[in-house]
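In this text the structure is predicted, and so the values were computed from the model without any measurement.
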Amino acid sequence: MKKIALYAGLTLSILFLWLALRHASWNEIVAAFERARWWCLIPMLVCQFVFYFLKAIRWRQLLSQTIEISSASLVPAMMVGAAGNNLLPAHSGELIRVYLAGEKFGVAKSTVLGTVMVERVFDLIAVTLIFFVGVFSGNYSGIVLKTAAFLLVLAVILIFFLALLLVSGDSIVLFLRRRLTFTGEMIREKIINQFELLSAGLQALRSPRLLAKVLALSIVMWALMAVCIYSAMLAFDIDALPQVAMVILGILVAGLSLPTSPGFFGTIEYCFVLGLTAVGVDSSVAVSAAIFYHLPAWALITLTGLFFFRFNKVSISAVRNAR
């Protein structure tokens, strides 16, 4: 299964890279970089830094019912995990993150994994809301509006499901154990295990105030990523409204949810091309903006994560054995 995911990710990345570059000209890409506003790297990388700082604060909130720790102490595990996602297939960096946090703070790895799952759900809700605002405040075609409306309904359903799981998580798990009999035993246990982990991760959010705080942090975090995208657009003098960056963010997160190669190469570039060519931007300029957004952030996150990886003396084999 792991090999299938790896090969599927590599195949999709190669396909997306070809789709991104098929109408682009290398000469025009080089020329675009020669004219680029390099100072735009500053707000882009600052927003990346603040994004991960807020992510650490959010993670601390999710772990607060299990252990009291500082946000700063979570940064090493979080950055090692992010670097792992850049270097390993299938978002495997999250497993290293779970292992590191569990070992360092003496927390059950299942508990840590539950908080990571909750993070992903809130990320999806936040990005969907930002994407919705971007689409409905811009001038887009009917099919894009219908897609945004569908995603908004999906976000509302997801929020309702989270509320239900938060209030009656044990009852839902018990219901699944009794009713989920049409699947094989292994599949049934995996589904139930995912619900149990998600329910456990949500326990920190029984306080409405804390729930609102986590949602607000998620929205601000991903709004900052939209600013990163817009900074890359400004670097190449792309004459488009900030709402376009919000739409690209939604496309980007949807694309990254698919199997992809380590570092997300090809996927990010094609998502930029999809979003920017839809508003009349030339493919070569769109690819240039994607590279400007992708490579500096990839290098910064990877180098930071590798530093903490070495500093914490993490062993990949230990991570594998702990799974």
Pairs of donor and acceptor atoms involving the side chains of residues 19-30, under 3.5 Å and at least two apart or interchain, shall be tabulated with distances.
unit_1 : atom_1 : unit_2 : atom_2 : d
S25    : OG     : N27    : N      : 3.4
S25    : OG     : E28    : N      : 3.4
E28    : OE1    : S284   : OG     : 3.1

Sub-4.5 Å side-chain heavy-atom contact between V118 and V214: no
Heavy-atom check, side chain of Y270 versus side chain of W18, under 4.5 Å: no
Student check: side-chain heavy atoms of V133 and M246 closer than 4.5 Å: yes
Nearest atoms (heavy-atom pairs only) where V281 meets A286: CG1-N, 4.1 Å
ILVMFWY cluster, V227 and V46 together (side-chain gap under 4.5 Å): no
Flag side-chain contact, heavy atom, 4.5 Å: D237 against V285: no
Distance in Å, Y293 OH paired with W298 CH2, rounded so as to fall on 0.5 Å steps: 15.0 Å
Any side-chain heavy-atom pair of L217 and F122 under 4.5 Å: no
Interatomic spacing from CD1 in I219 to OG1 in T128 - rounded to 0.5 Å: 10.5 Å
Parallel, tilted or perpendicular, as decided by the 30° and 60° cut-offs, for the rings of F292 and F236: perpendicular
Heavy-atom closest pair, residues V244 and G275: CG1-O, 4.3 Å
Close side-chain approach of P296 to L45, heavy-atom, < 4.5 Å: yes
Nearest-0.5 Å distance that lies between atom OG in S231 and atom CZ in R37: 11.5 Å
Spacing of T115 atom OG1 and Q61 atom CD [to the nearest 0.5 Å]: 12.5 Å
Shortest non-hydrogen separation from V287 to V273 and the atoms involved: CG2-CG2, 3.7 Å
Contacts of type salt bridge (charged side-chain N to carboxylate O under 4.0 Å, His left out), residue R58, not counting sequence neighbours: D123
Heavy-atom neighbours of F49 CZ exceed 12 at 6.0 Å: no
Set of side-chain contact (heavy atoms from CB on, under 4.5 Å) partners for L74, sequence neighbours left out: W59, R60, L63, I69, F105
From L306 atom CG to I301 atom CD1, the distance as rounded to the nearest 0.5 Å: 11.5 Å
Beyond-backbone contact of F272 with I248, side-chain heavy atoms, under 4.5 angstrom: yes
Cluster overlap L303 with I96, hydrophobic side-chain contacts below 4.5 Å: no
N/O donor-acceptor pairs under 3.5 Å from side chains in residues 10-17, not counting sequence neighbours:
unit_1 : atom_1 : unit_2 : atom_2 : d
T11    : OG1    : Y7     : O      : 2.7
S13    : OG     : G9     : O      : 3.1
S13    : OG     : T260   : OG1    : 3.2
S13    : OG     : S261   : N      : 2.9
S13    : OG     : S261   : OG     : 3.0
S13    : OG     : F265   : O      : 3.3

Shared hydrophobic cluster, I229 / W38 (ILVMFWY, side-chain heavy atoms < 4.5 Å): yes
Backbone of G266 reached by a side-chain donor or acceptor of H294 within 3.5 Å: no
Residue pair G134 / Q243: nearest heavy atoms and the distance that separates them: O-CB, 3.5 Å
side-chain contact (heavy atoms from CB on, under 4.5 Å) against L234, all qualifying residues, sequence neighbours excluded: C40, Y230
Could you pull out every donor-acceptor pair under 3.5 Å between side chains of residues 77-90 and any protein atom, sequence neighbours left out?
unit_1 : atom_1 : unit_2 : atom_2 : d
N85    : OD1    : G93    : N      : 3.0
N86    : ND2    : T302   : OG1    : 3.1

Residue pair S64 / L210, side-chain heavy-atom distance below 4.5 Å: yes
Spacing of K213 atom NZ and S218 atom OG [to the nearest 0.5 Å]: 12.5 Å
